[in-house]
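Single-structure report; data block below.
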Amino acid sequence: VIAATALIAEDEPLLAQSLQGDLERLWPGLRIIASVGDGQAAVEQALALQPQLLFLDIRMPGMSGLEAAQALAEDWPGDSASAPFPLIVFVTAYDQYALQAFDHAAVDYLLKPVRDDRLAQTCSRLQTTLRQRSQAPVAALPALQEAVEKLRSLLPAPDFTAPGTTPPERLRIIAAGVGATVQMVSVDTVLYFEAADKYVRVITGEREHLIRTSLRELLPQLDPQRFWQIHRGTVVRADAIASALRDETGKCTLTLTSHPARLSVSRLYAHRFKAM
Amino acid sequence: MIPGAAATYFFSTRSHLAASRAQAERAERLAAEQRLKLLASQLEPHMLFNTLANLRALIGVDPQRAQTMLDHLIVFLRATLEASRSNTHPLAAEFARLTDYLELMQIRMGSRLQMRLTLPDELAARQVPALLLQPLVENAIKHGLEPHVRGGRIDVSAARAGQQLVLSVRDTGAGLAPGASGRGAGFGIEQVRERLSALFGPAASLELAAAPDAEGGTLATLRMPL
């Protein structure tokens, strides 16, 4: 019996209990160390408890399972002392587009209702990987790199619009409220956008504005050739980037042409800044 | 040149026929697509499979409750299939079907979903288009409560205002996003508007707005002649 620790993220209480019960029955050595109901809690608990396995429901309030996995890949400690990045199993009732992507990224997933034989198969796959890890321990960093690459391939393409919906129009002017006045800010003058809770900070050369929208809603309205996402909370105008610096741990930081800010690039987006 | 004229006549008739046949086929295809879209929106696979997953979980731990849930699901499925044939039913039946749906959702969402349905006795027998409110309640769950970590409450009510029947669906969830995309023009809303306009013309209306009190969320108000 292989011992392991797992976290379950599922917003429907009966399904969370049932998955936990089924897992404990099929895998006696498995310990469920946390069961949470939303994506944000999944990220926080996974970082705090560092489980070996994550079972993530896709549709959850606030942050989806996919977004939670990507946030974790951005924030997971990359030093050699920390635990290896968890093995992730996505759980979904119905997501025809996501499933194709999962197959492509070689990520395991379960379809709800979860059948015992299918869950047993997933368990034995996970056990095989854990056994390989314990026999020939890979350094934490390459394992993390591999997970990052899988999750990167699951990021929506910058120009992706769901089938059956029309792509939103490109934004040219941002109407930013300042007290009783509304400032008209041309996107050409924006250096970068930064998520701040339910708002987005818009930073130009002269000043910064706060707009009441989420980065997730703003992104599809920006030209992906001109505006690059570099972190789940940061989008920068490519023309405004002066240089990318990489330190000895592989961490990448951007400097801007006309602003003192230094912007961190997350692992998921660091591939954009390799020298030609 | 009589044969030539006849040939021209023959060809023009034939092309005319072909054109009207193509038009009829297109109209038929559009109608079929519309029916399919309607059915797919009513039987949302995500809802169906999640409900079945909950049912599967309940069978082991609480067979009695599983049976109740299955009964709600059966009535919900039957009503959904029958409503595709554009009939009407009493408001009391409309509220009963919404209750079936909300009970299913409550088993899934647990304490994250509360509900309150208010139907005055004097309006219970009023005929309304079957499952007219269903898309509004689904939207309230999908866009209002589901994205909200804390969840919230759904109020469905019927009232009389002069010569009008006023039906409202209110949630205390996420609320309309500024510059909301999808909520005002989504397929469900569009479908409710189309049904209303086909039956009552300009005498009926559907309005979506931010709920006017501190609890927040969205209020959908539907008015039609009594």
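Naming convention: chains lettered A, B, ... in sequence-line order (proteins, then strands); numbering from 1 in each chain.
In this structure, CG on B:L58 lies 9.0 Å from CD on A:Q17, to the nearest 0.5 angstrom. Distance check: B:H46 NE2 to A:R59 CZ gives 4.0 Å after rounding to the nearest 0.5 Å. Remark: A:Y94 OH to B:M47 CE distance equals 15.5 Å, nearest 0.5 Å.
Applying the 6.0 Å contact sphere to CZ of A:R216 captures no more than 12 heavy atoms from other residues, nucleotides or ligands. Surrounding CZ of A:R115 are at most 12 heavy atoms belonging to other residues, nucleotides or ligands under 6.0 Å away. Counting heavy atoms of neighbouring residues, nucleotides and ligands inside a 6.0 Å radius, atom CZ of A:R31 does not exceed 12 of them.
Between chain A and the residues B:V149, B:L145, B:L52, B:N50, the largest count of heavy-atom pairs under 4.5 Å involves B:N50. Contact count against chain B (heavy-atom pairs under 4.5 Å) is highest for A:A93 among A:G21, A:G37, A:A93. With chain A as partner, the option from B:R56, B:R150, B:E146 having the largest number of non-hydrogen pairs under 4.5 angstrom is B:R56. Of the listed residues (A:D38, A:T92, A:D95, A:L111), the one with the most heavy-atom contacts under 4.5 Å to chain B is A:D38.
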**Message:** Quick one, A:D11 with B:R112, criterion side chain to side chain contact (heavy atoms under 4.5 Å, CB included). Give me CA distance, side-chain angles, the key distance, then yes/no.
**Reply:** CA-CA 9 Å; A:D11 60 323; B:R112 288 182 61 231; 3.8 Å; yes

**Asked** Would A:L14 and B:R108 satisfy side chain to side chain contact (heavy atoms under 4.5 Å, CB included), going step by step from the backbone distance to the final call?
**Response** CA-CA 7 Å; A:L14 274 171; B:R108 290 181 46 196; over 6 Å; no

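When the heavy atoms of residues 187-197 of chain A are compared with those of chain B, none of the residues falls under 4.5 Å.
Contact between A:S18 and B:A57 at its shortest, heavy atoms only, is CB-CB, 3.5 Å.
Interface residue B:I107: backbone and side-chain heavy atoms are both found under 4.5 Å from chain A.
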